[in-house]
Structures are given as C-alpha cells and as structure tokens.
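Here is the structure we will look at, set down as structure tokens.
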Number of protein chains: 2
Amino acid sequence: MKKYIPILKRTRLFSGVGEEEIGAMLNCLQARLCTYKKGEYVLRQGEHTDTFMILAEGKLHIQCDDYWGNRSIINMVSAGEMFGEAYAAPESGAVMNDVLAVEDSVIILFDVKRIITVCPSACRFHSAVVQNMFYAISEKNRSLVQKITFMSKRTTREKLIAYLSEEAKRHNSSEFSIPFNRQQLADYLSVDRSAMSNELCKMRDEGMITFEKNRFVLYDDGTI
Amino acid sequence: MKKYIPILKRTRLFSGVGEEEIGAMLNCLQARLCTYKKGEYVLRQGEHTDTFMILAEGKLHIQCDDYWGNRSIINMVSAGEMFGEAYAAPESGAVMNDVLAVEDSVIILFDVKRIITVCPSACRFHSAVVQNMFYAISEKNRSLVQKITFMSKRTTREKLIAYLSEEAKRHNSSEFSIPFNRQQLADYLSVDRSAMSNELCKMRDEGMITFEKNRFVLYDDGTI
DNA sequence: ACAAGTCTGTTGTTTTTACAACGGAAAAGA
DNA sequence: TCTTTTCCGTTGTAAAAACAACAGACTTGT
C-alpha cells in the first residue's frame, strides 16, 4: 500500500496533502488494495457497492452492454482518477454499468462514509480531502455533460468533430493521441465502427484531419 | 426568503435539518433570491459562475443550442432540485450550457465555498448538509448516466423504450406523466420530433403503449 | 368570441446509418 | 518463425432517421 502513496499524492483527491498525512489517512479511511488482470470486471451491472475507488495503475472502462450485445462506453478511467463515488449514497441502488479493466489494473478502495463524515481521529487534512472530493465529482459531472454534447449531435461526422475538437482543446494542441481504438471510440460515441471509420477517412480525404492509429491532427480550414 | 424555508426543508440538501436551523444557515451560507419569468435565461453558455442554486419554484431546462440551432436538453430541473454545483470548483471554467426557465421560477443562490469549507460559526447541521450535498451530486451523476444510456440506443424506438421504461420504474407504475412535450422529449433524446412522433404512434398501433398528451401507459406484452 | 400562435400527427423525399461481409496489415502468442 | 488473432478500412445493401411541409386540434391572449 505504501508503494502507492506517491501516486495518490498526485491525484485530485489528495491534492495539497503531504505523503505522511496520506499514509495516516489510509488507515483512517480503511483503504484496501485490489488488482485486476486485463479483461476482468471490477464491477458488474446489478451489483451493489458502497465503496469508492481510485485507480492507482491501469485503465478502466465504465460501460454498458445491452441485451442485443451493443456496447456503450460511458466513460474512461485513467490512473489517478476515482470512480464509484456515484453509488456512495445509501439508497443509490444497484450499479447500472459494468466496470472493465482494459489494462492490468490496481485499485484502492475507500470507505466512503469515512470521508464525508467527520473523521473521529480528526486528521488535519480531512476537510481538504472533502473539498477535493467535491471538486472531483463536479469534474466528473462535467465530463459526462461533455459526452452528452458529443452524443447529441445528429450525424457521425458532427459527433467526431465535436469529440476531436474537445480533445484538441484539452491537449492545447491540434495534434494529440486519443485513449481509444476505433471500436472503442465508436462505442463511446454510440455509432457503428465501420461507418465511423468510413467517415474518418472521408474527413481525411477532404483535408480536415490526418491520423495514424490513435494519433490525430486537425487542420483548421475555417469550416469547423 | 423565510417563505421558502418549508420548501427548502423538503429538499435533498436540507434533508434532516429543522426549519429553525435552515433559517440560521441561510445567513451562514449567504443565500440570495432571484426570480425569472418563463423564457428567461438563468445562465448562458460561456458565462462564469461560482454559486450553486436551488430551484424553489418553477421548472428549468439545462440545454445546449449548437451553431445550426439544434437544441439538446441535457437535463431538467424540478422544484426542490439543485443545479450549478458542477461549476463550483475554482478552475471549472465557463458554463457549457444554457439554463432556461420553462416556467416562472424562483431560485435561491448559495455561496458554494461556505458549504464545503467548515462553517466559521459552526452551525450544528453543517456536516449533515455537506453529506446531503454529496449525495445529491451523486444522484445527479446517476441521472446523467441514465440519460446517456437512453441516448446510446441505436434507434428512436429503442431510445423511447429505454426512457419510458425508466419513467415507469421511477413512478412504480405503468401509467405516468412525463415532464416534456413532444419537442422537448425529442430534444432530450436527441432525435427528430416528427420521426419520434411517428414512432410513438406506430408503437401505439402495435399495442405497446397508449398516450394522451404527456400521459403514457405501457402495456407489458413481454416484448420489452 | 375571435384571432394568432402552439402543439401534434402525417406523409413523402433525401440523407445517413447500421449491418454484414471481406481482405490486408499489424500485433500477439506459441 | 509461423500461426493466430486483432485491428482497420472498404464496399454494397437494407433500414432508419432527418428534413420539410402541411393540416387539424388545442391554447392563449385580446
């Protein structure tokens, strides 16, 4: 567990908290470690949970497969990000999505009640962590809204433009890598992979973009 | 302001807090009132805000109009619900959506920093409110994910089925009213209104549902 | 009561997407 | 190295959605 303290220090939740205090808080918050191999499920739809989690290593997808096998990737979790916080409320019910490890992953589990209620041993930085947690959830909220604005576009091309523009903005560069392969991007935008692939190539042929694997370059010709 | 204390008492945020304490906290949290006529905007895309708000009376839509005039309704806010909390974080940037009053509305504004930091006058119920706030944001988070699962369905019919099923579940009844008219529902599900209207009527003709205005009845023939 | 405006369903056309199937390139594994 | 699997682009077809235009019912405001 100690091994991950430097990683935790760089997370949103423990921003501004020293390594020693984090070590103390790990006890206070009853943190536990879990590891998952690529392809394993961290959570399955219908299960119940009341812990919240930080991904220390690896990559996860929050996703949802329907009856007919259509997959929808709700969100991606990178190392250092937290998840599961939406099910912290006592009456939050069953988990609506699967959480899949798309890389070998290490997860740290916390007892959520211990964070949001006042710490019995009153660790010094507890209030900072509460504040950080609040900000982190707000951020997640915004990223969901962001995804909704991508999905709300009518055509595949508009969805791609919206998504790629946002990634460029986020990277402060017209050249960037995306965290998805083609199938995953299609699942994220809720479109058909082959149709999307086709549309990407059309956009390339029209001089809007170039790409190689998951690295993209956008060209500003004033049409976006 | 006092007039709205009974309303506030029934909100998620002040759940478990007595009317007297709410009165005291309104000062502590620097609450302010704002009223909006139907059709007025509470917030516009690109503005900045660092207050969070509770809708005391009326109805709001969180929405987003793109360059071509396509409207997307991200979410609906009913009386007693809060909004704007996603922009509470200091570096959260400009607001991504419009907030429109679809009915005459009364809004109570709070200084968000005063909630999540420890109260200087240490009101007794402050920690309960922090906890409530946390749960409320979690709930909003889940409702966004819910909406994403509707939108991720491939066809208009599937989107309708997903949405109507969820409403039935939420109302614990196969008969219920929805808070949208046809155009608004189409904007919420990101589909064309006329195509959606058409699909609804087909579903009615096939005996899956009946409806009148915004009141729907679902019939379970085992196909859903 | 009347006029203006809104809401909803209907239809036909055009555009776009989903779906299926395939082949080559690249990556992974034995 | 060789085989197997995954990834990605391509094409054609069928299905679905967007779009536009319209008419009747209902609401709202005067």
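Lettering follows sequence order; numbering is per chain, from 1.
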Using a strict threshold of under 4.0 Å (side-chain N to carboxylate O), is an ion pair present between A:Arg44 and A:Asp98? yes
Grab the N/O contacts between the protein and nucleotides 11-17 of chain C below 3.5 Å, and write none if there aren't any.
unit_1: C:dT17; atom_1: OP1; unit_2: A:Thr156; atom_2: N; d: 2.2
unit_1: C:dT17; atom_1: OP1; unit_2: A:Thr156; atom_2: OG1; d: 2.9

Indicate the ring-plane relationship of A:Tyr163 and A:Phe180, choosing parallel, tilted or perpendicular according to the 30° and 60° boundaries. tilted
Does B:Lys213 put a side-chain nitrogen or oxygen below 4.0 Å from OP1 or OP2 of D:dT27? yes
Give the rounded distance in Å between these two atoms: CD of A:Glu212 and C1' of C:dA27. 14 Å
Distance, rounded to the nearest Å, where B:Asn181 contributes CG and D:dC26 contributes C1': 13 Å
If I take atom CZ in residue B:Arg182 and atom C1' in nucleotide D:dT27, what distance separates them, rounded to the nearest angstrom? 16 Å
Roughly, in whole Å, what's the span from CG in B:Leu185 to C1' in C:dT6? 17 Å
Quick one, A:Gln184 with A:Asn181, criterion side-chain contact (heavy atoms from CB on, under 4.5 Å). Give me CA distance, side-chain angles, the key distance, then yes/no. CA-CA 5 Å; A:Gln184 291 167 344; A:Asn181 65 27; 3.3 Å; yes
Kindly state whether the ring of A:His61 and the ring of A:Tyr41 have centres lying under 6.0 angstrom apart. no
Would you mind reading off the distance between B:Lys153 atom NZ and D:dA16 atom P, rounded to a whole angstrom? 16 Å
Can you say whether a donor on the side chain of B:Arg204 sits under 3.5 Å from an acceptor on the base of C:dG9, or the other way round? no
Give me the one residue out of A:Phe176, A:Tyr219, A:Phe216 that meets ring-ring contact (aromatic ring centres under 6.0 Å, His included) with A:Phe211. A:Phe216
Mind calculating the distance between CD (A:Gln183) and P (D:dT5) to the nearest angstrom? 18 Å
Could you state the CZ-P distance from B:Arg193 to D:dA18, rounded to the nearest angstrom? 12 Å
How close or far is atom P of C:dC7 from atom CZ of B:Phe180, stated in whole angstroms? 15 Å
Check: B:Glu81 side chain, B:Ser78 main-chain N or O, donor-acceptor pair, under 3.5 Å: yes
